[in-house]
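Below: one structure, written as structure tokens.
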Amino acid sequence: MNYQEILDKLRECYPEVKTALSFQNPFELLIATILSAQSTDKQVNKVTQSLFEKYPDANAISLLSPEELEQEIKSIGLYKNKSKNIVTTSKMLVEKYNGIVPCTREELIALPGVGRKTANVVLSNAYNIPALAVDTHVFRVANRLGLTQSSNPLQTEEQLMVIIPEKDWSDAHHWLIWHGRIVCKARRPECQKCRLNHLCQYLNKSV
DNA sequence: AACTCGGGGCA
DNA sequence: TGCCCAGAGTT
């Protein structure tokens with residue numbers, strides 16, 4: 001399998017690296033990424049605009065009750081868990097890190113609501129620390145294209161980091177997500193429109 | 001490994 | 001009306 005050919009094709013298909021959650025500072029990116037779990041980026045962007053206007057930092061959100069935060073974010077779904085986690089996370093940021101989002105994977109994952117994928121997003125996008133975030137799209141698309149042969153997201157992450165140059169980890173994350181959302185969808189992938197179908201095994205084999 | 005959280009967008 | 005969404009925590 002020619003990995004480089006697939007990666008070149010992805011870069012060609014998605015030349016400008018699009019980030020659905022384009023947040024400037026680490027705190028906003030962290031909260032937006034926690035909120036994005038199983039929710040669409042449209043839903044998240046709609047909620048975060050007013051949220052960060054009223055409560056711009058960890059200290060402000062740490063003073064809210066989970067019920068108060070629920071009212072701000074209830075339109076995105078899964079809001080009870082997310083409200084509780086975000087308030088607790090904000091309190092931990094204030095108490096342990098002086099309100100600053102930490103920049104190690106271990107410290108990030110220790111925050112409630114933050115798993116490996118969210119931690120990697122913050123590391124790579126907010127702190128420019130090389131990390132390859134694997135979500136459901138990346139996991140599915142990388143397997144279908146034959147970039148990986150993986151049974152869980154951590155395996156996908158490890159295998160992709162071997163194949164892809166470190167400088168491209170963040171870009172590759174976005175290529176694979178965009179491809180997964182637009183073409184290589186979970187249920188009804190549009191293989192006839194896919195510009196990688198000539199070198200993809202998913203069309204001929206059923207994965 | 002399976003289950004739960006969930007309102008809103010869209011066909 | 002039914003299906004699905006930039007995951008994480010619990011059992």
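Only heavy atoms go into these numbers, but all of them, side chains included; no hydrogens, no water, no symmetry mates. The chains referred to below are lettered A, B, ... by the order of the sequence lines, with proteins before strands, and numbering in each begins at 1.
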Any non-hydrogen side-chain atom of A/L21 less than 4.5 Å from a side-chain atom of A/S36?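 They are in side-chain contact.
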Residue pair A/Y127 / A/V101, side-chain heavy-atom distance below 4.5 Å: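 SC-SC contact between A/Y127 and A/V101 confirmed.
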Across the strands shown, which category fits [X] at heavy-atom distances under 4.0 angstrom: base, sugar-phosphate, nothing?
X: A/H174; result: base
X: A/V121; result: nothing
X: A/P112; result: sugar-phosphate

Any side-chain donor-acceptor pair under 3.5 Å between A/N45 and A/Q49?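 No, no side-chain donor-acceptor contact under 3.5 Å.
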Taking [atom1] from [X] and [atom2] from [N], how many angstroms apart are they, rounded to a whole number?
X: A/L21; N: C/dC5; atom1: CG; atom2: P; value: 16 Å
X: A/I177; N: C/dG7; atom1: CD1; atom2: C1'; value: 12 Å
X: A/H179; N: C/dA6; atom1: NE2; atom2: P; value: 16 Å
X: A/R188; N: C/dC3; atom1: CZ; atom2: P; value: 13 Å
X: A/L108; N: C/dG7; atom1: CG; atom2: C1'; value: 15 Å
X: A/L35; N: C/dA6; atom1: CG; atom2: P; value: 14 Å
X: A/N45; N: B/dG8; atom1: CG; atom2: P; value: 17 Å
X: A/I34; N: C/dG9; atom1: CD1; atom2: C1'; value: 13 Å

Can you tell which of C/dA6, C/dG7, B/dG7 lies closest to the side chain of A/Q43?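 Closest nucleotide to the A/Q43 side chain: B/dG7.
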A/T118 has a side chain; which of C/dA8, C/dA6, B/dC10 sits nearest to it?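 Selected nucleotide: C/dA8.
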Say you pick atom P in B/dA11 and the same atom in C/dA6; how far apart are they, in whole Å?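 It works out to 15 Å between them.
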What distance, rounded to whole Å, do you find between the two P atoms, one in C/dT11 and one in B/dG6?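 To the nearest whole Å, 15 Å.
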Given DNA chain C, 5'-ward residue of the pair A/S22 and A/L111, judged by closest heavy atom: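 Closer to the 5' end of DNA chain C: A/S22.
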Does A/N98 have more than 12 heavy atoms from other residues, nucleotides or ligands lying within 6.0 Å of its CG?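 No, not enclosed.
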Check the surroundings of atom CD in A/E68: do more than 12 heavy atoms from other residues, nucleotides or ligands lie under 6.0 Å from it?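 Yes, CD of A/E68 has more than 12 neighbouring heavy atoms, counting only those of other groups under 6.0 Å.
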Side-chain N or O of A/K42 versus OP1/OP2 of C/dA6: is the shortest distance under 4.0 Å?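 Looking at the OP1 and OP2 atoms of C/dA6, neither is under 4.0 Å from any side-chain N or O of A/K42.
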Taking only the side-chain nitrogens and oxygens of A/R187, find out if one of them lies under 4.0 Å from OP1 or OP2 of C/dC4.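 Yes, such a contact exists.
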The single option from A/I182, A/L176, A/D171, A/I177 passing side chain to side chain contact (heavy atoms under 4.5 Å, CB included) against A/Y14: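 Result for side chain to side chain contact (heavy atoms under 4.5 Å, CB included) with A/Y14: A/I182.
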Going by number, which of residues 70-89 of chain A have a non-hydrogen atom under 4.0 Å from DNA chain B?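 Correct list: A/K74, A/S75, A/I76, A/G77, A/L78, A/Y79, A/K80, A/N81.
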Presence of salt bridge, A/D41 and A/R181, under 4.0 angstrom: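 Yes, this pair counts.
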Look only at the side chain of A/S90 and the backbone of A/I61, and say whether a donor-acceptor pair between them is shorter than 3.5 Å.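 It does not hold such a pair.
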May I ask you to decide if A/P66's main-chain N or O and A/K84's side chain share a donor-acceptor pair within less than 3.5 Å?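 Absent.
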No-H, no-angle donor-acceptor pair, A/T33 side chain to C/dG7 base, under 3.5 Å: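 In this structure, the two groups form no donor-acceptor pair.
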Please step through salt bridge (charged side-chain N to carboxylate O under 4.0 Å, His left out) for the pair A/E107 and A/K96, ending with a clear verdict. CA-CA 10 Å; A/E107 290 172 311; A/K96 298 182 66 175; over 6 Å; no
When you compare the protein's N or O atoms with those of nucleotides 1-3 of chain B, which come within less than 3.5 Å of each other, and at what distance?
none

